[in-house]
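Below is one structure; the comments refer to it alone.
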Amino acid sequence: MVALPGFMADSGADGAMVLTRGNARLSAQVDAYGLDYWAPHASDSAHIDATGGAQHGPGVPAARTLAGNLAPSYLLDFYNRILIVPAIVNVGSLAGLSVQSIEVWNGHFAPQALASITPTGADGMTLAGPSAPPTTFGTLESRIYTLSVSTSGPPTIAASYAYAFPSETPVLQVVGTRIIGWPFGPNWAQPVMERLTWATNVLRSRSGVEQRVRLRAAPRRELQYTGLKGDDAARVLQENLLRGWQARAYALPIWADGQYLANGLSQGDTVVALDTTLRDYTAGGLLALRDAAGQVIVRIDTVSPASLLLATPLDRAFGAGTLAAPARAARVQNNVAASYITDSIVQTPLQWQLLDPWTELLPATETADYRGLPVYLTGTDWGHGVQVDTGRDLATFDPMTSPWAVDDLSGIPTTVRSHAWLLNGRQAVADFRAWCAARAGMLNPFWLPSGQNDAQVVQSALSSDAALSVAGQGYANLLVGTPGRRDISIFLASGARIDRRITGASLQADGSEIWALDAAVGTAFTPADVRSVQFLTPVRLDADAVEINHITDTIATVSLRLRSVGDL
């Protein structure tokens, strides 16, 4: 058994433990609060006894002054001041009553007296609180005020409320724009034209290479249609709306996104059941409700796939069959030319500029189908035909007194094709808008098949073949390697598509041509399996504006000019 050395602590008369020096390992300085360093600090000199040991009891250091700074902290950010949350209220495009809750918090560690609340430019507004001034906020007390902004008042909202406290005057600011609804829809005998406009700076070199710079993040949006009013009441209301409000913003329903409600709405309802899919509804946006009694514009709080939650309750009831449509703040053109067909019937072409850029129209995520660019495969509407203009960048030198000369600057032709498409269904219209957003006007190019059968396959091909045998058409002699005529899409009857680049061509004795391809076709086929062989051309939009003509609320047509972009 292991023996461990130790000692027994002595006990005093009162039972307290007393350290003795019977243990050789116990320092005498511990019992005497002795110093373990030498020479002692100046602050310890008064406590050193004559033998050099410390007196019983800890030493008292001399007072000294230290310089420093108060570090920033959460305390300084939020306390010892009056906070208004939110300090700025933006009511946006106000088409109905807006009600906001405002929190005023006394962040001081002492009561603060509120002497007054002074409004400035607050016509059509009320600010109500739990206690009218003069009143006193308790320590760290928070109070909720209710701000109500009505449609009565100046068109531009720039108001403020100043809270007068003893040492500070925090200010609540209110900004926005008052608008009124435009209740007259289009005459659907003519299309409703929707124009999306981007801005691109295109710099073109002598060789035909382009540099394109985006100048506008989101497109501007316009609507153009013709209205027809057939009675005096509607005619006079339109005249009054134009005379009294033309320089200001209206709440314009997006008529192509309208629908009729299956169920009625009661006064005080805050939920509207309707299909919001592929329609221009946004949280914080506007909803137009129109029935025989007139039109009401209300603000949307939350958008769900099958319903809308309104920011405020409805102030009246609406029956089944009410027209519901998203609305946007818009301005009408400066000069409105109305045509009076009779004394009460008036036809009015209207052109609207929507005030907010369409930030909700985000660029679509596209797959780089071929050589880093997407291929647009929506078939052309041949009912409108396709016009193709072919030109070159030629520089002509004509001294007038001697033969003149022409220099082909880029060495390649430039083609501009006018294509038309029929968009059948809301999904097709939405997909086309997304495709336009990805193009961003003239900014981003893409591959366009010609939509025609540009070559006749005359021999079968194995999947491992990297060549194509076609009927002779002068390609081998004229166009080998020419941009816009060196890439093809082979469309098979099975629905498959094979995209390849032509790397060479040779004329055969029988008049056919062999086109060498940059890779094997990957799929065996016979001439009968080939639906068409179409040249692929890299193109971009020839203008930053895209016009969509809505024939109905689900069918639209569009026509675009597409310009080739040269070598890729």
Side-chain angles (χ1 to χ4, degrees), residues 88 90-95 156 175-177 179 182 192-203 210-225 248-257 276-288 299-303 325-333 350-366 373-374 376 421 423 426-446 539-550 556 558-563:
I88 300 177
N90 188 348
V91 297
S93 300
L94 184 66
T156 300
V175 296
T177 303
I179 60 177
W182 182 265
V192 174
M193 190 272 286
E194 175 185 1
R195 181 185 293 113
L196 303 174
T197 308
W198 286 263
T200 309
N201 186 20
V202 179
L203 305 175
E210 291 183 347
Q211 179 183 14
R212 296 175 296 274
V213 181
R214 185 171 189 161
L215 303 179
R216 185 180 298 159
R220 293 178 180 175
R221 190 180 184 194
E222 298 178 27
L223 292 179
Q224 184 174 324
Y225 63 85
R248 306 174 185 178
Y250 297 86
L252 176 69
I254 308 301
W255 303 107
D257 288 348
T276 64
T277 306
L278 302 178
R279 288 178 167 86
D280 192 18
Y281 291 106
T282 60
L286 302 174
L287 168 68
R299 186 166 295 279
I300 301 169
D301 182 80
T302 305
V303 179
R328 292 270 183 167
R331 290 185 182 274
V332 72
Q333 76 266 32
L350 297 169
Q351 184 173 339
W352 297 92
Q353 292 183 337
L354 278 64
L355 298 184
D356 299 325
W358 202 359
T359 55
E360 294 83 5
L361 187 63
L362 299 177
T365 300
E366 293 187 307
L373 295 178
Y376 190 63
W421 294 278
L423 309 176
R426 302 194 67 84
Q427 185 64 58
V429 175
D431 290 344
F432 182 78
R433 284 201 192 102
W435 177 80
C436 289
R439 304 281 71 74
M442 297 187 292
L443 183 67
N444 296 316
F446 60 99
V539 299
R540 62 166 172 81
L541 271 60
D542 195 35
D544 277 321
V546 175
E547 296 181 354
I548 304 173
N549 296 296
H550 296 270
V558 64
S559 179
L560 296 176
R561 286 171 56 86
L562 306 175
R563 177 177 292 273

Pairwise distance CG(Leu196) to CD1(Ile548) - rounded to 0.5 angstrom: 5.0 Å
Counterpart residues, ring pair (Phe, Tyr, Trp, His ring centres under 6.0 Å), relative to Trp198 (two or more places apart): none
Heavy-atom pair with the smallest gap, counting every atom of Asp257 and Tyr281: O-OH, 4.4 Å
Whether Gln351 side chain and Gln333 backbone form a donor-acceptor pair below 3.5 Å: no
Inter-residue atom distance Asp542.CG - Arg563.CZ, 0.5 Å rounding: 4.5 Å
Side chains of Leu350 and Gln224 in contact at under 4.5 Å (non-hydrogen atoms): no
Distance (rounded to the nearest 0.5 Å) between Arg195 CZ and Met193 CE: 3.5 Å
Heavy-atom pair with the smallest gap, counting every atom of Ala249 and Leu355: CB-CD1, 3.7 Å
Summary of salt bridge (Lys or Arg N to Asp or Glu O under 4.0 Å) pairs that have at least one residue in residues 277-288, sequence neighbours excluded: Arg221-Asp280, Asp275-Arg279, Asp280-Arg328
Trp255 and Leu223, any side-chain heavy atoms less than 4.5 Å apart: no
Shortest non-hydrogen contact between Val303 and Ala283, atoms and distance: CG2-N, 3.6 Å
Expected output: side-chain Arg439 to main-chain Asn444 donor-acceptor under 3.5 Å: yes
Arg331 side, atom CZ; Gln353 side, atom CD - distance, nearest 0.5 Å: 9.5 Å
Heavy-atom check, side chain of Ile254 versus side chain of Glu194, under 4.5 Å: no
Backbone N/O of Ala218 and side chain of Arg216: donor-acceptor pair under 3.5 Å: no
Parallel, tilted or perpendicular: rings of Tyr250 and Trp352 (30°, 60°): perpendicular
Interatomic distance, Ile179 atom CD1 to Leu252 atom CG [nearest 0.5 angstrom]: 9.5 Å
Shortest non-hydrogen separation from Cys436 to Val546 and the atoms involved: SG-CG1, 3.7 Å
side-chain contact (heavy atoms from CB on, under 4.5 Å) assessment of Arg426 paired with Thr277: CA-CA 9 Å; Arg426 302 194 67 84; Thr277 306; over 6 Å; no
Side chain to side chain, Phe446 and Leu541, heavy atoms closer than 4.5 Å: yes
CZ on Arg248 to OG1 on Thr156, rounded to 0.5 Å: 8.5 Å
Nearest atoms (heavy-atom pairs only) where Leu278 meets Ala430: CD2-CB, 3.7 Å
Heavy-atom side-chain proximity of Ile300 to Thr282 below 4.5 angstrom: no
For Arg299 against Gly92, the heavy-atom pair lying closest together: NH2-C, 4.3 Å
